[in-house]
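A note on names: the letters A, B, ... follow the listed sequences, proteins ahead of strands, and every chain is numbered from 1.
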Amino acid sequence: MKLRIFPILLIVFFITIFFIFYKGLQNSNIYTPVVNIEKNIPSFKSKIFSTNEKISSEQIFKGDKFYLMNIWASWCVPCRDEHPLLMILSTQKNIKVIGLNYKDNKEKAKIFLKELNNPYDKILLDENGTLAIEWGAYGVPESFLIHNNKIIKKIIGPLNEDLLLEIKKLAE
Amino acid sequence: MLRFLLIVLFILNSSFLNAQENNLNNKITKNLRCLICQGQSVYDSDSEFANSLKLVVEEKLNDGLNEKQIYIFLKEKYGEWILYDPEFNKNTYFLWLLPILMFIAGGAIIFKLFYIRKN
Amino acid sequence: MASLIGFYSLIFGLCVSFLIILFSIKNFRNSNIFDNKIISLTFLQFFLVIVSFLSLILSFVKSDFSNQTVFNHSHTTKPLFYKVSGTWGNHEGSLLLWLLVLTLFIFIFLLKSKEHNKQYRILTLLFQQIIIIGFFIFVIKTSNPFNYIFPVPNEGLGLNPILQDPALAIHPPILYLGYVGTSIIFSSTLAATSLNYISKEWAKHIKQWILISWIFLTLGILLGSIWAYYELGWGGFWFWDPVENISLMPWLALTSLLHCILVLEKRLALTSWVVVLSISTFTLSMCGTFLVRSGILNSVHTFANDPERGLFILIFLFCLIFLSLFIFFFFHKTKNKDSNSFFWFSKETSILINNWFMIYFLTVVLIGTTYPIFLEVISSKKISVGPPFYNKLIIPFLIPFLFAMAIGPKLSWIKSDLKNKSYLILFLIISLLLSAIIIKSFNINFLINTILVTSAFYLFFITLRDFFIKGFKNLAQNLTHFGFSLLILSILFNNIFSTEIITNLKIGETFETDKYKINFESIEQKEEQNFKAIIGKFNIKNFDGNIEIMKPELRIYNQPNIVTSEADIKTNLLVDKFMTMNLVQNQDYFNIRYQIKPFMLWIWFSVTLISFGGLISLFKKKYEA
């Protein structure tokens with residue numbers, strides 16, 4: 001009896017493993033952090049791009065308004081692609097677009113804005129990339145929709161038309 | 001032979017004193033997985049993200065956070081995935097205990113081989 | 001044209017498989033003499049795969065971009081050497097190499113097993129043909145290296161620059177010789193099990209194959225590690241990356257098989273265990289292939305991800321597993337004789353202990369590598385299992401393992417005692433003292449470090465003594481064990497005593513610590529055929545007044561356009577000095593890493609020693625026979 005049970009158990013075991021591997025094949029092997037968890041925004045102090053003055057997060061993000069914080073850099077190619085969409089958003093009354101200039105050369109960033117216009121209400125400066133990490137970002141571009149000091153949506157990668165509509169809807 | 005040993009000791013000694021300086025920093029960054037080049041640790045990686053994260057770890061250490069607090073901080077930002085050293089919780093019971101169980105089982109089987117012989 | 005020939009010889013090769021099976025079955029039933037036609041057919045199959053392989057190489061050399069594989073992985077400006085090595089530096093080509101080695105090995109097997117039973121030889125061939133057919137279909141159906149593209153592109157996409165490296169050019173062939181060698185062990189064990197052919201003679205004969213695969217696998221892992229050291233990592237040589245783990249798993253299984261086949265050879269005991277190990281060795285190799293090629297795991301070494309390929313190997317792998325389970329449970333008869341019982345203090349026991357630990361290490365690596373997949377499927381949580389996990393679970397167990405390695409070979413078969421062995425204790429005291437002095441004088445108060453170093457020193461001294469006392473007796477075993485102690489010692493000291501400086505420097509700046517003064521002197525540019533190099537010149541003044549010039553490089557490859565950083569490594573007998581520099585986005589300074597890594601050379605040397613021990617064993621046995 002003992003001899004019969006063991007092979008059967010083994011077969012069941014291997015079949016289970018087969019199905020787990022089979023399922024595993026369908027999952028992507030690239031990790032992206034979970035995007036839809038409501039988190040409080042980090043509190044920080046940062047320099048302002050144009051004036052080099054220090055500003056704290058409380059001064060930027062007021063409770064009842066919607067903000068889109070966008071991490072960008074002049075050397076980042078997808079940032080160039082999403083820029084027109086940011087320009088559209090900046091005309092919306094209920095959303096303020098805040099920029100976070102990531103590891104950039106100031107002169108080049110200025111030229112970038114001159115060429116493509118400036119959609120940002122305020123631009124914060126992140127010279128060494130540490131501020132972006134406080135936000136839980138890991139690349140450029142990334143955008144965060146903020147309301148009541150909470151991140152209500154996080155977008156990894158460039159914006160597109162659909163995301164733009166979604167943001168507009170969320171901010172109504 | 002003796003001279004060889006002395007030279008070895010000398011080299012080891014002098015290099016070791018230096019090693020402790022950023023030990024903790026390195027230890028932490030070796031335990032973090034880079035999100036850009038996902039096969040590497042932050043310590044090994046040279047991506048923009050990894051370089052910034054190294055700075056953050058240094059800042060946090062200077063701010064007086066300990067190793068565990070830094071892990072908690074980063075886990076909250078990027079998820080458990082970023083830690084190379086999986087925590088012992090209900091998700092990882094099997095991960096940590098299964099090898100040990102296998103070891104005990106192996107020992108039991110070997111022991112049984114002798115036990116049978118005695119009877 | 002070459003592609004066409006290559007493709008059709010693959011198809012013919014597959015057809016030959018069926019011919020071989022047909023003839024084999026006929027021969028198996030009808031005659032008592034082995035039909036030599038079968039050997040000729042096996043050679044024909046090997047020849048066809050060679051033709052196919054050569055035509056792929058030819059396409060690479062000629063930069064024939066009408067071939068999709070060549071287009072994806074080659075470029076006209078690449079040096080000839082890397083055009084050739086590019087053949088197996090990609091998924092399709094490397095599978096063709098697998099196939100080549102598969103057919104080569106079965107051909108050699110048939111030539112070398114003439115004194116054996118006809119039925120056993122034929123059955124081994126049949127099992128091997130199942131594997132070969134599986135791979136033929138896999139290559140032809142999902143990863144055909146001869147796909148045609150039209151219109152023909154003018155230029156290829158180029159080979160990933162980190163693969164353009166001499167160590168990595170020979171690494172895959174060597175590693176595959178090891179992996180595929182396990183397939184012979186697998187087929188032969190299945191054949192021997194079904195025919196109840198397992199005997200001392202069989203053990204002796206299969207041991208050759210175990211040794212061959214083991215030697216190649218060891219060397220393959222070594223080459224991969226050396227490559228990782230100077231190309232990939234920043235001074236690291238083992239990252240517990242999935243791709244490394246999957247080469248380690250069959251190695252661990254093979255090593256325990258290598259030990260327990262000795263018991264079988266001497267005493268005809270542990271037969272079931274040998275069968276299980278032989279099956280799992282090949283299964284682990286295949287499992288590794290699945291894990292890497294399917295892209296189910298995330299690793300620094302990326303192969304093209306294709307779920308269809310993954311699915312094929314997965315199904316194939318489990319077919320082989322169920323086939324072997326079936327054969328094991330239906331045909332395997334344990335010989336219930338006295339031979340299966342042991343006295344507790346004997347060489348058999350020490351080998352069992354070796355197996356016990358080896359299997360434990362294997363479980364750690366296997367579970368650590370695959371656990372994230374299981375967790376994600378079951379609970380959709382993603383975690384990483386990295387070096388700290390492996391270190392925590394493996395290092396403490398190394399201590400008893402090393403002691404067992406030192407004492408085990410001293411025991412004799414069947415029953416032994418420890419008369420006249422007082423030196424064992426003497427050596428223990430010496431090692432303990434020595435490691436205590438070393439660890440103490442560097443202010444590391446880790447108890448575990450002392451014990452670990454002690455155990456490694458113990459093995460070191462015991463094996464060293466044996467060289468003088470026993471001379472050439474048991475040389476192979478002693479050499480590998482000695483090599484292993486040297487390896488552990490070097491790794492330990494390397495870990496404990498490595499130093500590094502990480503800083504940002506502009507040209508002309510100097511960085512100073514109390515021990516070193518690093519001066520970034522200048523930068524120069526160089527144009528090569530396939531890359532542009534930026535070479536930094538650093539002047540490093542060491543604590544002892546020595547001045548070292550280091551020249552790390554940044555290489556900007558043209559095809560594909562990738563920047564890599566080439567370390568400058570100054571190696572000598574005791575220490576490696578290792579320097580890399582890296583660009584920082586939008587800054588005018590470079591990120592500099594300067595590392596002093598003691599005993600690197602000894603790590604490579606000891607692994608070479610270990611495989612050399614295997615080589616001696618291989619030839620010694622041949623000489624005796």
Side-chain angles (χ1 to χ4, degrees), chain A residues 2 6 9-10 13 16-17 20 27-46 57 69 71-79 100-105 124-142 144 150-151 154 156-157, chain B residues 25 28-29 31-65 69-86 91-92 94-95 98-99 101-102 105-106 108-109 112 116:
Chain A
K2 198 182 154 200
F6 189 60
L9 277 181
L10 216 56
F13 173 73
T16 323
I17 291 190
I20 286 179
N27 294 340
S28 156
N29 68 355
I30 292 166
Y31 175 75
T32 35
V34 186
V35 286
N36 48 8
I37 293 178
E38 277 201 13
K39 277 185 197 156
N40 285 328
I41 58 166
S43 89
F44 58 87
K45 276 203 169 88
S46 162
S57 50
M69 206 196 62
I71 301 177
W72 66 283
S74 65
W75 47 265
C76 138
V77 183
C79 296
L100 182 71
N101 188 244
Y102 178 82
K103 286 192 175 182
D104 211 348
N105 176 313
L124 308 173
L125 201 54
D126 187 10
E127 285 163 314
N128 53 19
T130 50
L131 192 54
I133 286 176
E134 293 283 342
W135 280 88
Y138 64 97
V140 260
E142 276 189 43
F144 302 81
K150 278 201 162 62
I151 299 170
K154 179 170 165 187
I156 296 169
Chain B
N25 199 341
I28 294 174
T29 48
N31 267 351
L32 299 174
R33 188 166 178 178
C34 176
L35 276 93
I36 300 296
C37 9
Q38 302 205 335
Q40 283 178 317
S41 71
V42 167
Y43 171 84
D44 286 323
S45 170
D46 266 303
S47 63
E48 291 301 321
F49 170 73
N51 284 333
S52 302
L53 195 49
K54 282 175 213 162
L55 286 175
V56 170
V57 170
E58 206 177 312
E59 270 176 26
K60 296 278 165 194
L61 280 175
N62 289 340
D63 288 351
L65 270 74
Q69 286 167 318
I70 293 177
Y71 290 149
I72 292 170
F73 167 78
L74 287 169
K75 200 180 93 183
E76 196 186 304
K77 302 282 177 214
Y78 296 103
E80 224 175 300
W81 188 89
I82 199 169
L83 303 180
Y84 258 134
D85 192 3
N91 288 326
T92 56
F94 275 110
L95 175 67
L98 213 55
L101 280 177
M102 287 290 284
I109 290 170
K112 215 179 135 197
I116 285 170

Measure the shortest side-chain to side-chain distance between A:Tyr31 and B:Arg33 over non-hydrogen atoms and say whether it is less than 4.5 angstrom.
-> no
Applying side-chain contact (heavy atoms from CB on, under 4.5 Å), name anything that partners B:Asn51, two or more places apart in sequence or on another chain.
-> A:Lys103, B:Asp46, B:Lys54
Name all residues meeting the side-chain contact (heavy atoms from CB on, under 4.5 Å) criterion together with B:Leu65; count only those two or more places apart in sequence or in a different chain, and write none if there are none.
-> B:Lys60, B:Asp63, B:Gln69, B:Ile70
Donor-acceptor under 3.5 Å (B:Ser52 side chain, A:Thr130 main chain) | no
Which heavy atom of B:Lys77 sits nearest a heavy atom of A:Trp135, and at what distance?
-> CD-C, 4.5 Å
Is it the backbone or the side chain of B:Glu59 that comes under 4.5 Å from a heavy atom of chain A, or both, or neither?
-> side chain
So B:Phe49 and A:Tyr138, would you call those rings parallel, tilted or perpendicular, with 30° and 60° as cut-offs?
-> perpendicular
Flag side-chain contact, heavy atom, 4.5 Å: A:Pro33 against B:Leu35 | yes
